[in-house]
Amino acid sequence: MTRLYDISWEDYQRLSLEEKAPYLMQDEGAPYHTLYAQQFDGPLLGRLALLANEIRAIGKTRVGTEFLRSQVSHKRAMLYFTQPSSRTFLSFKSACQILGVPTGEVRDTSISSEFKGESRDDSVRTFSSYFDMIIMRTPEKGLAEKSAWVLSHSERPIPIINAGSGPDQHPTQALLDIYTLLRSFEKHGGLRNRTVVFCGDLLRGRTVRSLSYLLTNYPGIRMIFVAPDELQILPDVLEMLKRKNIEFACSNNLRAVIPEADAVYMTRIQDEWDKSKGESAKIDTSRFKFGAEELALLSPRAIIMHPLPRRDEISTVVDNDPRAMYWRQMRNGMWIRTALIAMTFGCENRIHDYFRFNF
Ligand code: NCD
């Protein structure tokens with residue numbers, strides 16, 4: 001078994017994400033650190049979805065809730081969120097509550113010791129003195145990875161979960177997106193031979209980067225990337241799809257591709273990354289929005305997704321259409337994150353046993 005402890009930072013940096021992934025896993029194939037989408041293959045995604053389904057069934061009764069709450073009550077988790085967050089923060093916090101994991105949090109570095117000049121590495125080592133897991137969202141690409149490596153070389157190597165690393169990756173959002181797709185197509189032939197349309201700011205949206213990778217685990221998936229030219233997906237994603245022989249297309253005409261879609265994944269303009277003020281506002285995004293006219297073009301079995309928060313890229317007239325999946329998608333996030341934490345702390349088999357005996 002390869003471990004982060006066994007490799008120098010320099011050698012680790014030379015590896016591709018696929019080569020890095022095994023360093024982050026436990027013996028049973030469960031993730032220890034969760035840093036990139038590249039750690040998850042089809043069987044592992046299936047295992048997580050099954051565990052999430054069982055947890056949500058168990059959680060429907062009082063006695064089941066109490067069982068779940070006793071599972072990881074001996075561990076504590078740190079929520080280190082130095083970038084704005086509502087859903088990811090609250091769903092991770094709720095996931096910890098479901099499993100009985102007490103949490104602590106830092107959300108504002110202006111009131112932590114980082115303000116006094118403490119380095120990120122020292123901050124993370126400090127958290128590891130008090131907690132058994134760190135769930136982190138940061139504006140910096142690669143910080144979760146660096147933290148995992150630093151801790152692996154300390155006397156308190158604890159798991160790190162990447163809850164969003166700059167514009168780079170958002171692996172647990174991709175897990176909840178896959179879980180939503182699996183559930184949506186469960187009774188209609190499953191997640192295979194589907195066309196997924198991504199629309200919006202694909203250049204800076206990290207959720208699309210992680211999800212497009214995870215989708216390559218399913219047969220016959222076709223992806224269409226719809227964005228203004230200035231905000232089109234980066235070539236590294238397209239190169240990855242080519243390498244894996246996945247069919248894809250880039251377009252700037254949302255309406256033209258909607259009839260082909262099994263899922264339309266809308267995203268907002270990520271103008272917090274603008275290099276100069278007002279840069280995004282100069283881009284014409286008017287044709288990258290989903291409203292009543294787009295809804296009329298969508299197949300009756302297709303779904304509309306969004307990682308949220310939205311601005312005006314999905315009109316509120318869409319909200320109560322049965323194909324609007326973004327509210328359910330959000331709740332799925334809490335359950336799949338609960339499953340991920342349970343699996344990370346080795347509770348998977350106990351939960352399966354409880355489910356088998358009681359359902
Ligand atoms: C996304 C993110 O933070 O990348 N939000 C989320 O976690 N649900 C998407 C976004 O901010 O646009």
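Just so you know, ligand 1 is whichever comes first in the structure, and atom 1 is the first atom listed for that ligand.
Listed by chain and number, residues touching ligand 1 at under 4.0 Å (heavy atoms only) are T88, R137, H170, Q173, R206, T207, R268, Q270, P307, L308, P309.
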Which atom pairs, one a donor and one an acceptor, fall under 3.5 Å between side chains of residues 40-53 and the rest of the protein, sequence neighbours left out?
from: D41; atom 1: OD1; to: L44; atom 2: N; distance (Å): 3.0
from: R47; atom 1: NE; to: E348; atom 2: OE2; distance (Å): 2.9
from: R47; atom 1: NH1; to: E28; atom 2: O; distance (Å): 3.0
from: R47; atom 1: NH2; to: E28; atom 2: O; distance (Å): 3.4
from: R47; atom 1: NH2; to: E348; atom 2: OE1; distance (Å): 2.8
from: N53; atom 1: OD1; to: Y179; atom 2: OH; distance (Å): 2.5
from: N53; atom 1: OD1; to: R183; atom 2: NH1; distance (Å): 2.7

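Proximity of a side-chain donor or acceptor of D274 to a complementary backbone N or O of K277 within less than 3.5 Å is not detected.
Between Y326 and H306, the two ring planes are perpendicular [angle over 60°; tilted spans 30° to 60°]. Y354 and F67 have parallel rings, their planes meeting at less than 30° on a 0 to 90° scale where 60° marks the start of perpendicular.
Checked against the 6.0 Å centroid threshold, F355 and F359 count as a close aromatic pair.
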Given salt bridge (Lys or Arg N to Asp or Glu O under 4.0 Å), test R356 with D353 step by step and report yes or no. CA-CA 5 Å; R356 215 169 297 132; D353 289 346; 3.2 Å; yes
